[in-house]
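Here's the structure, in structure tokens; my notes come after.
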Amino acid sequence: MTGRMGWFGTYGGQFVPETLIPALDELTRAWADARHDSEFRKTLDDCLHRYVGRPTPLYQARRLGKDMGGVRIWLKREDLNHTGAHKINNTVGQVLLARRMGKTRIIAETGAGQHGVAAATACALFGFECDVYMGEEDMRRQALNVERMRMLGARVLPVSSGSRTLKDATSEAIRDWTASVGGTHYVIGSAVGPAPYPDMVRGLQRVIGNETRTQLRELGVEPAAVFACVGGGSNAIGMFAPFIDDQPLPENPSVPADSSGPGQVRGVSDNRAELVGVEAAGAGLASGQHAASLSLGLPGVLHGSHSYLLQDEDGQVTPAHSVSAGLDYPGVGPEHSWLKESGRVRYESVTDHEAVAAFGDLCRLEGIIPALESAHAAAGLRKEAEKWKNRDVVICLSGRGDKDVEEVRRFERTRGADVQSPDQAS
Ligand SMILES: *Cc1c(COP(=O)(O)O)cnc(C)c1O
């Protein structure tokens, strides 16, 4: 354990085999070093600017806002990043860190394939060998992303254990790392896993929130609320981070004052934006078919850290379900567990139906095909639009939805005959 570092209240920690502790210690030191190194930050900021395409626009969705009864909606357009989502912010950062540490090989886990593609992209850019673990079931469902990873020069390693999905791919990647730590860095795709990953991924995704706050200030806008979808929690924590740090919690032992990492913007603000994380309620919270670990899970240990997760009475992890592959994970980053407990962030959930309806709204009203994950954030706002009438509200549009076009079609054909219009949705 790293003392109080790496803990968010009682959540987080390093629940890993003994052999991994030296690697996590090495990574903790390397990240602590790099985040303050102006050379590293300049290289990363340069890459985010010239290669990824940052800063991403903050765009006012007027037609959608009008449709919601007069909410001033601001979309943070992470869908416009190279590779189409926020995940690249994390992978270029971690691969640059691996280069600094003298590693030569990268491994990653992937579910829908989005993180795998982002990792393969960063590896192509910086000349790394790249192995991506992916469940066989996911490989079948996400064949296009498997081909993209291969074209980018990565090897996709099929995982046939368990449910052959993300949870199993992650376990396999941890196993690989345990045997290969010397020259290999493991790029985790969300703000999950053992310390220092949750804090490091937060630091690398924080650029989303930093840019948003700067852009809002330029517009003279104080947001009343900020919405983001929560799978493992990386786009949400990156978006929320500056708003949280503006208003330090009385006793958050684990987020040092200087934890903001590359691209940070310092400044005092009396911002009191309400922060709302939106989980996937799948077929409905009562159906048992959902991915709402914070809403309905219990604390336990999965993939190296203590956090909320979906489990049965015996503590066995139960499978998640969501129409959105990127939210289909039974756990959640430990900082979100702490933010839930402390009350600084409110966590809600929306069903597959509500998310698909919001997907359609963004298409037809704004000309934006959003990722189904991001559509959850928009649906979360829709459910309480009345409350935000005439106020400024930010939505993190974490990614674009080209990948989801077929899934939405299938959903509408099979379950969507009764896709509720947004106002009918409960
Ligand atoms: C992977 C993904 C998510 C969910 O991951 P978080 O770590 O919770 O952000 C959300 N949106 C998009 C577009 C994704 O690709």
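Keep in mind it's a predicted model, so treat the numbers as computed, not measured. Atoms within a ligand are numbered from 1 in the order they appear, just like the ligands themselves.
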_Less than 6.0 angstrom separating the ring centers of F411 and H353, yes or no?_
yes

Q) Salt bridge check: are E348 and R346 linked by an N-O gap of less than 4.0 Å? A) yes

If you scan protein heavy atoms around atom 10 (C) of ligand 1, the nearest is E373 CB, 3.4 Å

For G326, the ligand 1 atoms with a heavy-atom partner under 4.0 Å come out as 4 (C)

Tell me whether E335 is salt-bridged to R202, with the criterion being a basic N under 4.0 Å from an acidic carboxylate O.
yes

M151 meets the side chain to side chain contact (heavy atoms under 4.5 Å, CB included) criterion, sequence neighbours left out, with none

* Asked: Can we say K340 and E279 salt-bridge, meaning some charged N sits less than 4.0 Å from an Asp/Glu carboxylate O?
  -> no

Numbered in order shown, the ligand 1 atoms found under 4.0 Å of a heavy atom of G399 are 13 (C)

Candidates S190, G238, C229; heavy atom nearest atom 7 (O) of ligand 1 found on S190

Below 3.5 angstrom, do we get any N/O pair linking K403 and ligand 1? no

For G231, the ligand 1 atoms with a heavy-atom partner under 4.0 Å come out as 8 (O)

Counting heavy atoms under 4.0 Å, the part of H86 that contacts ligand 1 is side chain

for atom 6 (P) of ligand 1, nearest protein heavy atom and its distance come out as S234 N, 3.3 Å

Quick note on ligand 1: atoms under 4.0 Å from a heavy atom of A371 include exactly 13 (C)

Output for pair (H290 NE2, L327 CG), nearest 0.5 Å, gives 13.5 Å

closest protein heavy atom to atom 14 (C) of ligand 1 is K87 NZ, 2.8 Å

Honestly, for E78 the part within reach of ligand 1 (heavy atoms, under 4.0 Å) is neither

Contact region, S398 to ligand 1, non-hydrogen atoms below 4.0 Å, reads both

Side-chain polar contacts of residues 282-289 - donor-acceptor pairs under 3.5 angstrom, sequence neighbours left out - could you list them?
| unit_1 | atom_1 | unit_2 | atom_2 | d |
| --- | --- | --- | --- | --- |
| S287 | OG | G284 | O | 2.6 |
| S287 | OG | Q289 | N | 2.9 |

Within 4.0 Å of some non-hydrogen atom of G233, the atoms of ligand 1 are 6 (P), 7 (O), 8 (O)

Under 4.5 Å between any side-chain heavy atoms of R382 and D67, yes or no? yes

Pair C229-S398, side-chain contact (heavy atoms from CB on, under 4.5 Å): steps then yes or no:
CA-CA 8 Å; C229 67; S398 52; 3.9 Å; yes

